[in-house]
Each structure stands twice: as C-alpha cells, then as structure tokens.
Amino acid sequence: MVIELAVAMLACARIGAMHSVVFAGFSAESLATRIVDANCKVLVTADGFFRGSKTINLKKIADKAVTLSSTDGVKVTSVILLEHLKRVTVPQGAVLPKNEPLTDKDFLYETEMQKHADKESSVEWMQAEDPLFLLYTSGSTGKPKGIQHTTAGYMVYAYMTMKCSFDAKPDDVYWCTADCGWITGHSYLLYGPLMNGLTGVWFEGVPLHPNPSRIWNIVDIYKVNKLYTSPTAVRALSALGDKWVKETSRSSLQLIGTVGEPINPAAWLWLHKVAGEENCAIVDTYWQTETGGHMITPLPGATPTKPGSATFPFFGVNPVLLDAEGRQIEGPGEGNLCFDRAWPGMLRGVYGDKERFMKTYFAPFKGYYCTGDGARRDEDGYLWITGRVDDLMNVSGHLLSTAEIESALVAHANVAEAAVVAAPHDIKGSFPYAFVTLNVGEKLDAKLIGELKQLVRDKIGALAVPDVIQEAPGLPKTRSGKVTRRILRKIAEGCDTGLGDVTTLVDESIISELVNGRNRLG
Ligand code: WTA
C-alpha cells in the first residue's frame, strides 16, 4: 500500500494498458494463475513489506510466480521492482528479509523513473467501452475470474457513487482502510476520491498495530472527516473494549462507511454510539467487484437508517428478490438478490471467458443480473443482505471459493476427498471449516493438519487457510453423489440436531459420526 502503487495504476490508465492488481497476501501460485490468465507482460512489485511485526518477502513470491507462469506463450518480459524495504523503518520484532538477487528481467523502479524523468508520456485516448482494468475475484468453480471493467462506465460510476454515498466535498479528508488488491481499493481509494478531488489518506499497516487506537490516532492526526472500513475491522476493534477509542478525539469525523460483508446490528451500533459519538452518518454500502460501485446504500443525512440494513438502492439501480423458481417476491420477503437492468459500473466480462460470464451472472435467472447473495426486504422496504447463497464464503470481507480450498486440500497424497464450508465467527464473520476424508490407513494428526494448512497457504494464500480441519470417515452425499454442504454447514455451526432433511442421503449414519468427531475437537 505505497504511493507507487497508485502511480502504477494511473500510469496504466494513462497509456491505455489494463492493470490487474493482485493482493500481496496471495501465494506465488495464485499470482502465477492470474498472470497466465491475463497474459501479463509486466509485473510491478516491491522487494517486501511489513505487516505488523511480520515480514513479507514479496520479491521471492514474485520471482517464483514469474517462473511458474513462464508457460508457452505467456512471458513476463520485465519486472519493475520498488526497493521499499530500504526506506522504511523496521518495526519492532520484525527482521529484514534476505536480499533476493536481481534477475535479468528486473528493473529498479527508482532507476527507471530517473532515466525517464524529463520525458512526458502522452495520454492514450480510449473509447468509452475500452477496458480499464481487470480484477480477479473468487469463482464458485474454483478458478478465479478476471472481472473486466471499462473506462467510461466504471469511472462515471465510481465518481458518482463516491459523491453521493459519501457526500464528497473538495475539503474532505477521506480515508479508506481497504487494500488496493480489492475492488474497494480501486473505486474508493484511487479512482473515486481522485475524480472527486478529495484529499486522501493512504495507509500501509494493520489497524491493530502497534495498538488498537491506531485507526483513531490516524483520524486525529490528519483530521479525517470520512472513514470507510470493514465490519471485520469494526468487530475486532469493538471486541477490545472502548478504552482505545475513548482516549482519542475523533472530533473531525462526520461519516463512517462499511463494506465487504453484512454488518451485524451490534457492530453498527458500536460505530454509531462509541466511535461516532452519535455525530456520524453510518453508511453500510452493499456492492461487489462486479458492480464497480455501490448498489445498495443509504445517502448520508437523507436516508433514515436501521442498524444492519444497507437500506435502499442507489440511483438507477433496481434490485429484485427472486424465489427459487425465478418469481419476483413483492413486499416483505427473502430471496435471491438480482438486478433487473444494467448500470454504468457493471462488469463487461470475465476476461477471456464469455461463456463463464453469461453462466455465472445471467443464466441463474433469465433476464436478470444475479449477485449470488440472498436478501430480505422488511415491511418498510429496507433491504437486509443475508449473505452468499452459492459456494463462495466471506471471510473477513474476502470472498473465498470453497472449491478452490478443497482442490488445494485434495492435492495432498493422503487426502481422498474434502469439503469446505463457512462456519460463523465472531470477528471474521465466518471462517473456512474443512472436512477431509483420508485414504485408507491414514490418520489426521497434528503433522498432517500442519501440512494441509501449508498446502492451502502455498496454493492460495494465508487468507484461505481453514481454521478447523476435521477428519470425516465419509462425506454426506445424495444418491447422485452430490455432497450436501447444507448439512456440513450445520455441523460446522455446532448443531447436533435440526440438520434438516437427511433422508436423501446414501448413508445417514455418517452424520452422527461427523457430529461426534466435531465434539471431540473440543
Ligand atoms: C459481500 C466487495 C453485506 C456480498 C465490495 C458480496 C456485503 C460480496 C456488503 C462482494 C454489505 C459486500 N453487506 N454483504 N454491505 N458488501 N458484501 O467482490 O456477499 O470482494 O457479494 O466486493 O461481499 O465482495 P467483493
């Protein structure tokens, strides 16, 4: 999260090249998959960075990804390397990573900048529908999807939603705590604020380090008046008690927005009462990588809010709730959240895969864009997002694919089968809970659990590592061989009974074995 990242993204926009920012918490394999899928030519990266007291050797990950991705036809021709570690103070408890040798593809950022310092690069004028960037997001089938956004539509939407949802004014000092590796970092850290001419705060660090007052201290130092963050961060902060907030002033704050996952009423009220001291508009914004910008959100000062509800659609957006048969639910009710017309910031494709684009978003309900989320409409017309209804899970606001984690687990020689479900978590919202069936004669001991976690870390990244791995003598399956995740989800939630209809299963006795196995986990 350095300023050179903003420079690199804007430089791509200026020369008409698509950028594809990859979150630095992903593994080399994940980075390589994205490089290959988008046929990337240039990789811009840094030598490393610190996350709290942890050191991340980014260069090593980048080198490995470049090697892994050098398949036929896909060749990264140059790596632009920012020497970041040389200029930052090493945090207490952290160590500088070993210096990775430069390869013949490496170009140092500073050297290149100096070489070209007196050159003006002219603007490449693009057509409205020309692509601006790609951003990969998890897909239910496992492989991440390259979401494609366009130049004009995306920018209009990022500008307009930023302006209305946050009541953007030129004098604002605005801070979005998201990372540029996610869409929030694109729309509401870079493009939206800059197009609205705001002063922005960019933060490289973690909100709880060195102590839980960090966010509020930064607000005070820079007189931030608008803050955009995640429910996970709010829950983590509120769990540590009010003391850390109360010892800061926060008198500049006027608005606090959240995004990424449903915000529970308790976290919403904590923001309103404790952090905002009843002086701030609380703006729960619902949207997706694919939507480019806010879809359901209150307008601060104008929309009466209810804690936990994203309230009403943005201008021009028409949400509908559909039942399983695709019939519209009128009035109060719960169903699949879809949109019945296009909007400027809508994705224009899944890179290189038109069929997947159509299948994922438009096939589930003909004539609608399908979000993959469930929602409830109350008697006053307020919308409440209930969470994913597909095989994606939301962990700390990051979408993960159960299929992708499962395929990482079954890559282990001792694992025959795996099923991953989302289990509820007080702070993260949910966490990945894995059931693994081992090959005959194998046992799930601490060593194997460690190996499985490492495998997920290597194949996807630390953010996808299951918190719990439980041995499953078998997985509950229907006669057609489909794993019934609904039941596994209940078991992971801690239910012993009320698991729903189990009569369609091939082997009902598996259920009690799984419940007992879970209870033995302690
Ligand atoms: C979830 C992040 C409830 C939802 C901008 C969506 C939310 C997914 C909210 C997209 C919210 C995002 N309330 N759920 N305010 N905001 N989500 O693509 O499940 O990383 O489909 O985009 O996050 O995540 P993505």
Would you call [X] and [Y] a salt bridge, using N to O less than 4.0 angstrom?
| X | Y | answer |
| --- | --- | --- |
| E451 | K447 | yes |
| K86 | D47 | no |
| D37 | K145 | no |

Exercise. In Å, rounded to the nearest 0.5 Å, how long is the span from CG of L135 to CE of M18?
Worked result: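 CE of M18 is found 13.0 Å from CG of L135.
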Does the ring center of [X] lie less than 6.0 Å from the ring center of [Y]?
| X | Y | answer |
| --- | --- | --- |
| Y157 | H294 | no |
| W175 | Y228 | no |
| W287 | Y188 | yes |

Answer with yes or no whether the side chains of [Y] and [X] bring together a donor and an acceptor at under 3.5 Å.
| X | Y | value |
| --- | --- | --- |
| Y433 | Q470 | yes |
| T229 | T177 | yes |
| Y154 | S187 | yes |

Problem set entry | R34 NZ/CZ over F26 ring centroid, <6.0 Å and within 45° of normal |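 Cation-pi check for R34 and F26: passes.
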For this session: Mark yes when over 12 heavy atoms from residues, nucleotides or ligands other than K105 sit less than 6.0 Å from its NZ; otherwise mark no.
Result: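 More than 12 heavy atoms, drawn from other residues, nucleotides or ligands, come within 6.0 Å of this atom.
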For this session: For the residue pair H149 and F133, categorise the inter-ring angle as parallel (less than 30°), tilted (30 to 60°) or perpendicular (more than 60°).
Result: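 Correct class here is tilted.
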